[in-house]
Enquirer: 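Take this structure first; my questions come after.
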Amino acid sequence: MMPFTLSSLKESKILRTNNNQNNTTLAVVLLPTEENNIPFAVAVETCTDATTRNEAPLFTPPLKHAAQVLHALHGDVTVLITDEHNNTTKTHLTAGASFIVPPKCRRALTSTTPFDVLCTLLPTSFLKGKNDLTTTQSSHQSAAAAARETVQVLGWDVEPTTTPQHSLKDADVQRMLNAERNRARKKQRQKASPNTRRIDDVAAFRVPRQTNRLAFLHDPVTNRGIKFTYALEVFEKGHKTPRHTHLDAHELFMVLAGDGGRGVYKGNAQGPRFETVDLSPGDVVVFPPGLVHAIDNKDDAQGRLYTLQLMAPNDAFAERVQSGEALKSLEDEDICALLAERCE
């Protein structure tokens, strides 16, 4: 048994969001938190038939114990948010944009075109103003229990019997992750709200003494209301990350593009041997606290490896990365690979 969690878009179960038969949006559940006490949950909410989405938005129940990080993988989508005082606001996401929905809010995704949105549920223990997470096992179990409760509210924990398709096909994964499908999206973007961030609008940093780069979409340095990091990480061909561990944090990687991804881990904490697992686009890996691990991009890879990276809690990760070389932004090559923009 591997000492970490590995999932894949192509092998994940598909559910109807809110378990509502009239809802055309489906949830592809990558991390349901059912095993290993992972303190967050991850799913892709996907809609391939958006012709009626603007007519009657379907709101989620309010999530009392979790914030939601929404990241648009494909398409244009409007997020409607109703707070506990019944005030409704909206923001617009395009591919590559990310937005945090606060706890105790109901939200709906609306669009007149198909979309795919990655939704990460993070318990309120990862927000400022809550008790600091400690290294005790009970704190991890408490956060995992909150994530499981939130999953139940959204209906992500039911059996996938309400949909005609129980898993994604290769064409579905290619639609979600292939940048070429973004060429047709609208050129004009609405003004982003303060906590909406897009990968071509944020600064990037080169990790000290390494070749990988990170563009932080959400981090506690720029947003003091959170205690986690959510970033786009780029690994050069042949990159080898120093083998390391995190005392208190779970670290997630979701591969967006690249054929050379490789997870490295120490199967036996007392032994010298490292083991590896190949990672392909659509794969998600979560390394738990205390596990020696790394992400490499093979020497024979065709090009760069692109991943979404989550560190929960931050564990001083953002501060360390941002002590490295500050770059204006991701390179044009990166934006071309991820969004099919700046390709000339």
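If you read the sequence from its start, that first residue is 1, and numbering goes on from there. Please read these numbers as outputs of a predicted model, since none were measured by experiment.
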Enquirer: The test is side-chain contact (heavy atoms from CB on, under 4.5 Å); show your working for Val117 and Val44 and say whether it passes.
Expert: CA-CA 5 Å; Val117 174; Val44 175; over 6 Å; no
Enquirer: List the atom of Ala318, the atom of Thr229, and the distance in Å for their closest heavy-atom pair.
Expert: CB-CG2, 3.6 Å
Enquirer: Rounded to the nearest 0.5 Å, what separation is found between the CZ atom of Phe253 and the NE2 atom of His293?
Expert: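 Rounded to the nearest 0.5 Å, the CZ-NE2 separation comes out at 5.5 Å.
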Enquirer: Side chain of Thr241, backbone of Ile295: donor and acceptor closer than 3.5 Å?
Expert: yes
Enquirer: Would you call Val234 and Leu330 a side-chain contact if the rule is heavy atoms closer than 4.5 Å?
Expert: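 SC-SC contact between Val234 and Leu330 confirmed.
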Enquirer: With hydrophobic residues grouped by side-chain heavy-atom distances under 4.5 Å, do Leu339 and Leu256 end up in a single group?
Expert: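 Leu339 clusters together with Leu256.
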Enquirer: On a heavy-atom basis, which atom in Ala215 and which in Val202 lie closest, and how many Å separate them?
Expert: CB-CG2, 3.8 Å
Enquirer: Output all residues satisfying side-chain contact (heavy atoms from CB on, under 4.5 Å) with Arg320, sequence neighbours left out; order by chain, then residue number.
Expert: Val207, Gln210
Enquirer: Supply the atom-to-atom distance Leu63 CG to Cys105 SG, rounded to the nearest 0.5 angstrom.
Expert: 9.0 Å
Enquirer: Could you pull out the closest heavy-atom pair between Gly96 and Leu217, with the gap in Å?
Expert: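 In terms of heavy atoms, the two residues are closest at O-CD2, 4.4 Å.
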Enquirer: Heavy atoms, side chains only, cut-off 4.5 Å: are Glu319 and Asn314 in contact?
Expert: yes
Enquirer: Please verify the inter-ring angle class for Phe4 with Phe287; under 30° counts as parallel, over 60° as perpendicular, anything in between as tilted.
Expert: tilted
Enquirer: Please give me the minimum heavy-atom distance between Ala249 and Pro313, naming the atom from each residue.
Expert: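 Shortest heavy-atom contact: CB-O, 3.3 Å.
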Enquirer: Report yes or no: does Ser111 contribute a side-chain atom to a donor-acceptor pair with the main-chain N or O of Asp76 at less than 3.5 Å?
Expert: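 Confirmed, Ser111 side chain pairs with Asp76 backbone.
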Enquirer: Is there any salt bridge (charged side-chain N to carboxylate O under 4.0 Å, His left out) pair reaching into residues 111-120, and which pairs are they, with sequence neighbours excluded?
Expert: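 Every salt bridge (charged side-chain N to carboxylate O under 4.0 Å, His left out) pair that includes a residue of residues 111-120, provided the two are not neighbours, is Asp116-Arg175.
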Enquirer: For the residue pair Phe235 and His239, categorise the inter-ring angle as parallel (less than 30°), tilted (30 to 60°) or perpendicular (more than 60°).
Expert: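 Taking His239 first and then Phe235, their aromatic rings sit tilted (interplane angle of 30° to 60°).
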Enquirer: Should Ile38 and Leu252 count as side-chain neighbours, where that means a heavy-atom distance under 4.5 Å?
Expert: no
Enquirer: Starting at CD of Glu45, measure out to SG of Cys119 and round the result to the nearest 0.5 Å.
Expert: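 Result: 5.5 Å between the selected atoms.
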Enquirer: So does Asp200 get a backbone contact from the side chain of Ser329, meaning a donor-acceptor N/O pair under 3.5 Å?
Expert: no
Enquirer: Using the rule that Ile, Leu, Val, Met, Phe, Trp and Tyr join whenever any side-chain heavy atoms are under 4.5 Å apart, tell me whether Ile335 and Leu232 fall into a single cluster.
Expert: yes
Enquirer: With a 4.5 Å limit on heavy-atom distance, are the side chains of Phe40 and Val69 in contact?
Expert: no
Enquirer: Between His92 and Thr94, is any side-chain donor less than 3.5 angstrom from a side-chain acceptor?
Expert: no
Enquirer: For residues Leu9 and Leu338: do they belong to one hydrophobic cluster (side chain heavy atoms under 4.5 Å, members Ile, Leu, Val, Met, Phe, Trp, Tyr)?
Expert: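 In one cluster: yes.
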Enquirer: Among residues at least two apart in sequence or on other chains, which ones pass side chain to side chain donor-acceptor pair (under 3.5 Å) with Asp334?
Expert: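 Counting only residues at least two positions away or on another chain, Asp334 forms a side chain to side chain donor-acceptor pair (under 3.5 Å) with Arg213, Arg304, Tyr306.
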Enquirer: Is it true that Tyr265 and Phe274 fall in one hydrophobic cluster, defined by side-chain heavy atoms closer than 4.5 Å?
Expert: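 No, no single cluster joins them.
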Enquirer: Test your reading of the model: is there a side-chain donor-acceptor pair from Asp259 to the backbone of Gln302, 3.5 Å cut-off?
Expert: yes
Enquirer: Closest approach of Lys266 and Arg273, non-hydrogen atoms and distance?
Expert: CG-O, 3.5 Å
Enquirer: From Phe228 CZ over to Met311 CE, what is the distance, rounded to the nearest 0.5 angstrom?
Expert: 13.0 Å
Enquirer: Heavy atoms, side chains only, cut-off 4.5 Å: are Asn223 and Ile100 in contact?
Expert: yes
Enquirer: Return yes if some donor-acceptor pair links the side-chain N/O of Asp296 with the main-chain N/O of Lys298 below 3.5 Å, else return no.
Expert: no
Enquirer: Closer than 3.5 angstrom, by distance alone: can the side chain of Arg198 be matched with the main-chain N or O of Ala95 as a donor-acceptor pair?
Expert: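 A pair under 3.5 Å: yes.
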Enquirer: Using the side-chain contact (heavy atoms from CB on, under 4.5 Å) rule, take Glu251 and His244 through it: C-alpha gap first, then chi angles, then the decisive distance, then the call.
Expert: CA-CA 12 Å; Glu251 187 170 22; His244 64 285; 3.9 Å; yes
Enquirer: Flag the pair Lys237 and Glu333 as a salt bridge only when some basic side-chain nitrogen lies within less than 4.0 angstrom of an acidic carboxylate oxygen.
Expert: no
Enquirer: Can you name the closest pair of heavy atoms from Leu127 and Pro103 and give their distance?
Expert: CD1-CG, 3.5 Å
Enquirer: Grouping I, L, V, M, F, W and Y whenever their side-chain heavy atoms are under 4.5 Å apart, do Leu214 and Val285 come out in a common cluster?
Expert: no
Enquirer: Holding to salt bridge (Lys or Arg N to Asp or Glu O under 4.0 Å), I want the full list of residues that pass it with Asp300, two or more places apart in sequence or in another chain.
Expert: none
Enquirer: Looking at CD1 of Ile81 and OG1 of Thr88, how far apart are the two atoms once the value is rounded to the nearest 0.5 Å?
Expert: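 If I round to the nearest 0.5 Å, the distance is 9.5 Å.
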Enquirer: Asp83: which residues meet the salt bridge (Lys or Arg N to Asp or Glu O under 4.0 Å) condition with it, sequence neighbours left out?
Expert: none
Enquirer: Return the orientation label for the His218 and Tyr230 ring planes: parallel under 30°, perpendicular over 60°, tilted otherwise.
Expert: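 If you compare the ring of His218 with that of Tyr230, the planes turn out tilted.
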Enquirer: Would Asp299 and Arg262 pass as an ion pair if we require N to O under 4.0 Å?
Expert: no
Enquirer: With distance as the sole test, does Asp219 use its side chain to make a donor-acceptor pair with the main-chain N or O of Val221 at under 3.5 Å?
Expert: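 Yes.
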Enquirer: With a 3.5 Å cut-off and no angle check, do the side chains of Ser8 and Asp283 form a donor-acceptor pair?
Expert: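 The answer is yes; a qualifying pair exists.
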Enquirer: May I have all residue pairs that pass salt bridge (charged side-chain N to carboxylate O under 4.0 Å, His left out) and include part of residues 93-104, sequence neighbours excluded?
Expert: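 Counting only pairs at least two positions apart or across chains, no salt bridge (charged side-chain N to carboxylate O under 4.0 Å, His left out) contact touches residues 93-104.
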Enquirer: Hey, are the side chains of Glu84 and Pro62 touching, using non-hydrogen atoms and a 4.5 Å cut-off?
Expert: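 In short, these two side chains do not touch, never coming nearer than 4.5 Å.
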